[in-house]
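A short write-up of the structure that comes next.
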Amino acid sequence: MRIDILSVVPELIEPFLDHSIVKRARDKGLAEIVVHNLRDYTTSRHRKVDDYPFGGEAGMVMQIQPIDACISHLRSQREYDEVIFTTPDGETFDQPMANTLSLKNNIIILAGHYKGVDFRVREHLITKEISIGDYVLTGGELPAAVIADAVVRLIPGVIGDEQSALSDSFQDGLLAPPVYSRPAEYKGWKVPDILLSGHEAKIAEWRYEQALERTRRLRPDLLD
Ligand code: ADE
């Protein structure tokens, strides 16, 4: 899978995608992630990518020309399944959406600035608008990195034990059960006996009950 991320501050994004599981996925060639600086696509002599809004509102607006030039350049090289814009008024990102996106071949994510993107970009160039939650961030760079991270870890082969991505919270509509590691007792705090019993069927049953109990208590909306 290939993910192209378009931004005016690309240096904000790359560090998040250059560690741990996502880095391993990139190194193994399972995910290709390319971050583009929109300033490289402007026709402006001063590498300007924004301008004043028509109608005299406050703030600057990201111009359509560099965004269109970058997207057109990418589209001339391969087909894209989605061109995503990160914005607080988009569809709320969740695990099913991450699952769907992880099955795509190529996606573009435009890290936008709310109120700050010429609306014609959204009208003519974008196929999907995604919010990562009901709060407003200063830019779409973190949301773009969040989406890329959640999607890449689902690509088959990225997480060694595939079972482990499937048993994540939300994958079966339930929160994940608790996990413990050694030592079996620390400062008098004990790991539940059942996990040390070696009884696989009973452990599986315990995990399911814990998942159900935690979901009922913490996220009853998921059971509706
Ligand atoms: N840009 C600013 N805030 C955002 C949010 N919550 N989700 C996606 N993009 C954003």
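We use all heavy atoms of the structure for the numbers below, so side chains are in, but hydrogens, waters and symmetry mates are not. Note that ligands are numbered from 1 as they come in the structure, with each ligand's atoms numbered from 1 the same way. Everything numeric here is computed off the predicted structure, so don't read it as measured data.
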Would you say [X] has any N or O atom under 3.5 Å from an N or O of ligand 1, going by distance alone?
{"X": "Gly133", "result": "yes"}
{"X": "Pro143", "result": "no"}
{"X": "Thr87", "result": "yes"}
{"X": "Leu137", "result": "yes"}

- With under 30° as parallel and over 60° as perpendicular, where do the rings of Tyr180 and Trp206 fit, or are they tilted in between? tilted
- Atom indices of ligand 1 within 4.0 angstrom of Ile130 heavy atoms, with elements: 8 (C)
- Which ligand 1 atoms does Tyr135 reach within 4.0 Å, using its non-hydrogen atoms? 3 (N), 5 (C), 6 (N)
- Any heavy atom of Gly139 sitting closer than 4.0 Å to ligand 1? yes
- Taking 4.0 angstrom as the limit, do Glu14 and Arg26 come out as a salt bridge? yes
- Can any side-chain N or O of Arg153 pair as donor or acceptor with the backbone N or O of Val158 at less than 3.5 Å? no
- Message: Hydrophobic cluster membership, with links at side-chain heavy-atom distances under 4.5 Å among I/L/V/M/F/W/Y: are Phe170 and Ile159 in one?
- Response: no
- Query: For Ser7 and Glu141, what are the C-alpha separation, side-chain angles and deciding distance, and is it a side-chain hydrogen bond (donor to acceptor under 3.5 Å, both in side chains)?
  - Reply: CA-CA 7 Å; Ser7 165; Glu141 282 72 22; 2.8 Å; yes
- Task: Verify side-chain contact (heavy atoms from CB on, under 4.5 Å) between Ile147 and Phe93, making sure each step is shown before the conclusion.
- Result: CA-CA 8 Å; Ile147 294 164; Phe93 191 56; 4.1 Å; yes
